[in-house]
Every structure is written in C-alpha cells, then in structure tokens.
2 protein chains.
Amino acid sequence: MDEIDRNLVVALQENGAAGLAELSKVAGLSVSATAERVKRLEEREVIRGWRIDLDPVAAGCPLLAFVFVAMHPGDGDAGFVAAMKQHEAVLECHTVTGAWCYLLKLRLADIAGLETFVSQAVRGQPGVARTETILALASPKETAILPVAEAEEE
Amino acid sequence: MDEIDRNLVVALQENGAAGLAELSKVAGLSVSATAERVKRLEEREVIRGWRIDLDPVAAGCPLLAFVFVAMHPGDGDAGFVAAMKQHEAVLECHTVTGAWCYLLKLRLADIAGLETFVSQAVRGQPGVARTETILALASPKETAILPVAEAEEE
DNA sequence: AATGAAAATCTTTCTCA
DNA sequence: TGAGAAAGATTTTCATT
C-alpha cells in the first residue's frame with residue numbers, strides 16, 4: 001500500500017465503475033501499469049470484492065434496527081454466531097465491550113418482520129439471556145466508504 | 001422491480017464486477033436487454049453507485065466503535081448532523097429510539113485516534129449532553145449486502 | 001515495476017420484431 | 001421491451017526498457 005495504491009483505492013471507493021483510463025490519471029501511471037496495480041490489490045485482498053450500493057427501500061428492507069444480545073456465561077457462542085451469519089437480515093454481528101455480548105445490525109421489511117426475527121431467530125437461539133432492540137428512525141449518514149490512512153509501505 | 005430486476009440486483013451485490021454476459025444468464029435475457037435493465041436500475045437509483053469492498057485493516061482503520069450520543073433538548077441538531085456527515089471516520093449516523101438520540105458507527109486507526117475523535121469531534125459539538133462508547137472486539141459478520149425482498153411490481 | 005501497441009473481450013448502439 | 005449484429009470502447013497480453 002504505497003501512495004499510488006492509496007489513491008487508487010480512494011478513487012474506487014467513490015466510483016467502483018471507474019475505468020482504467022480514469023484510474024490511470026489518478027495513479028499517474030500507464031493504463032497497463034494501473035491494471036497491474038488493481039489486480040495486485042485484489043490478489044492481496046486489499047480489495048475483497050466489487051459491490052453495488054443498493055437503495056434499501058427499493059430492496060424492500062427499509063427498517064433498520066440494532067439489537068444488543070447478552071449470552072448466558074459458560075455456554076459456547078459458536079452456534080449463535082453461526083446462526084447470525086446465515087441470516088441475510090443480519091448485516092453485522094459484532095462482539096462488543098460493555099454490558100452486552102453482541103451487537104447486531106438488522107435490515108428488515110417492517111416491524112412485524114422485526115418482531116418475528118428477534119423473537120425467533122435471535123431469542124430462540126440457545127444461550128441468549130437478554131436482548132435490547134433499538135430502531136433507527138432516520139439515517140443522516142450511512143456509508144461503507146472507509147477512511148484510508150496515509151500511505152505506509154507494506 | 002420485477003423478478004428479473006431482483007435477480008440482477010442479487011447477482012450484482014455478490015459480484016459487482018459481473019459482466020453483461022454473466023448477468024444475461026442470470027436475467028434470462030439477451031445481453032442488450034440486460035444492459036438496458038442495469039441502466040434503468042441506475043437511472044431509478046435502485047443502484048445508487050458502484051463500490052469496492054475494502055479490507056479495513058489494509059485501509060488503516062482496524063478499530064470499530066459505536067458511540068451513543070444524547071443531545072440537550074431544545075437545541076437544534078442540524079449542526080451536529082452536518083459535522084458528523086463531514087467526518088470520514090463516521091461511517092454511519094442514525095437517530096434512534098430509546099435513551100439516546102444518535103448512534104454513530106466509527107472506524108479509526110487506533111484507541112488514541114478514538115479518544116481524540118470522541119472528545120473533540122463528538123463531545124466538542126454544541127448540544128451534546130452525554131456519550132457512551134462501545135468497542136467492537138471482533139466482527140464475525142460485517143456486510144453491506146442487503147436482503148432483497150421477493151419481487152413486487154413498481 | 002512500468003510503457004506502448006496489438007490482440008482479445010466486452011459494452012454500446014442501431015435496426016427490426 | 002427484447003433480440004441480434006455491427007461499431008465502438010475497454011481490458012488484457014506481450015515484447016521491451
């Protein structure tokens with residue numbers, strides 16, 4: 001990750017459909033050298049994949065909720081984590097500091113779907129002790145674009 | 001958003017670099033008809049943009065934190081929201097139900113950066129009454145791939 | 001590693017249904 | 001709105017520095 005890779009990655013986060021002609025200007029390299037750079041970023045899994053930014057309303061999952069989960073101590077959590085990974089509605093599952101064990105980020109069609117999901121898919125899991133559900137009423141900002149640190153050689 | 005659009009969007013969420021040849025198989029249409037479909041999905045802003053999935057460690061922002069923010073009543077929050085939108089470290093800013101006003105999702109380089117950011121960029125904002133910071137210790141799942149509901153005509 | 005040009009591939013446009 | 005073919009653009013490969 002030198003300065004050129006950094007510039008490429010910043011440009012591709014804004015516009016993943018940018019062509020090599022455009023990217024070569026960003027990189028200050030020829031088209032073929034730029035293509036080689038992008039290929040190596042993929043090989044090193046700095047770029048893990050290519051995605052689209054999809055409108056959640058159009059996708060039919062306008063409801064955004066966060067769910068804190070506390071587990072009974074002692075029981076392993078592997079089953080719980082595996083279950084969360086399987087559900088499409090679970091966009092994120094983090095282990096967290098503080099009073100709770102997990103924080104989930106969910107996207108669902110509506111409140112009825114949330115009710116069903118939390119009571120069955122989450123609270124139905126073995127080991128779950130308590131949950132707390134928080135609804136997002138609005139999202140002034142929601143991006144997957146990461147801040148990219150200044151270049152440090154790798 | 002008919003069944004074909006839905007299939008296209010599901011395929012593109014998995015692989016945004018899929019070519020029209022591959023997508024036309026998914027859609028069950030010719031290449032040109034598929035190209036027209038994708039173009040219309042962009043025009044209708046169902047597809048809002050093209051992105052890469054970037055490794056946060058390689059990007060230099062391995063630390064993930066959630067920050068709850070309570071505001072003093074009465075003061076407008078427009079300034080706070082505008083400030084959060086400007087900061088790259090703030091990936092998400094949601095207004096939420098419950099005891100807090102906002103939930104922020106932050107990505108930063110390290111704990112020192114988090115300390116500085118929360119005390120200055122967040123707690124330094126006019127109107128902020130209290131904050132609570134939660135660290136993610138691990139993220140068994142973190143995706144931006146949305147669940148796409150069964151087709152409903154638009 | 002990078003360049004420039006040739007070759008291969010993919011996307012876009014256009015006509016017709 | 002879709003299919004197929006031609007035209008145009010882009011990506012990939014390769015020889016060279």
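In what follows, every chain begins at residue 1, and chains take the letters A, B, ... in the order their sequences are listed.
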I need the [atom1]-[atom2] distance between [X] and [N], as an integer number of Å.
X: A:L20; N: C:dA8; atom1: CG; atom2: P; result: 19 Å
X: A:E3; N: C:dA1; atom1: CD; atom2: C1'; result: 17 Å
X: B:D2; N: D:dG2; atom1: CG; atom2: C1'; result: 13 Å
X: A:L41; N: C:dA1; atom1: CG; atom2: P; result: 12 Å
X: A:L8; N: C:dA2; atom1: CG; atom2: P; result: 10 Å
X: A:K25; N: C:dT3; atom1: NZ; atom2: C1'; result: 18 Å
X: B:L23; N: C:dC10; atom1: CG; atom2: C1'; result: 12 Å
X: B:E36; N: C:dC10; atom1: CD; atom2: C1'; result: 18 Å

Please pick, from [options], the nucleotide with the shortest atom-to-atom distance to any side-chain atom of [X].
X: B:S32; options: D:dA5, D:dT13, D:dT12; result: D:dA5
X: B:S30; options: C:dT3, D:dA3, D:dT11; result: D:dA3
X: B:R37; options: C:dT11, D:dT1, C:dG4; result: D:dT1
X: B:V31; options: C:dT11, D:dT12, C:dA1; result: C:dT11
X: B:L29; options: D:dT1, D:dT12, D:dA3; result: D:dA3

| Considering residues, nucleotides and ligands other than B:R48, do more than 12 of their heavy atoms fall under 6.0 Å from its CZ? | yes
| If every non-hydrogen atom of A:K85 is compared with every non-hydrogen atom of B:K141, which pair is closest and at what distance? | O-NZ, 2.8 Å
| request: Verify the distance criterion only: is there a donor paired with an acceptor across the side chains of A:W50 and B:E14 at less than 3.5 Å? | output: no
| note | Paired with A:L54, the side chain to side chain contact (heavy atoms under 4.5 Å, CB included) test is passed by just one of B:L12, B:L41, B:V46, namely B:V46
| task | Determine the contact category for A:A33: base if any of its heavy atoms lies under 4.0 Å from a base atom, sugar-phosphate if only primed atoms, P, OP1 or OP2 are that close, otherwise nothing. | result | base
| Can you find a pair of side-chain heavy atoms, one from B:E92 and one from A:K105, that are under 4.5 Å apart? | yes
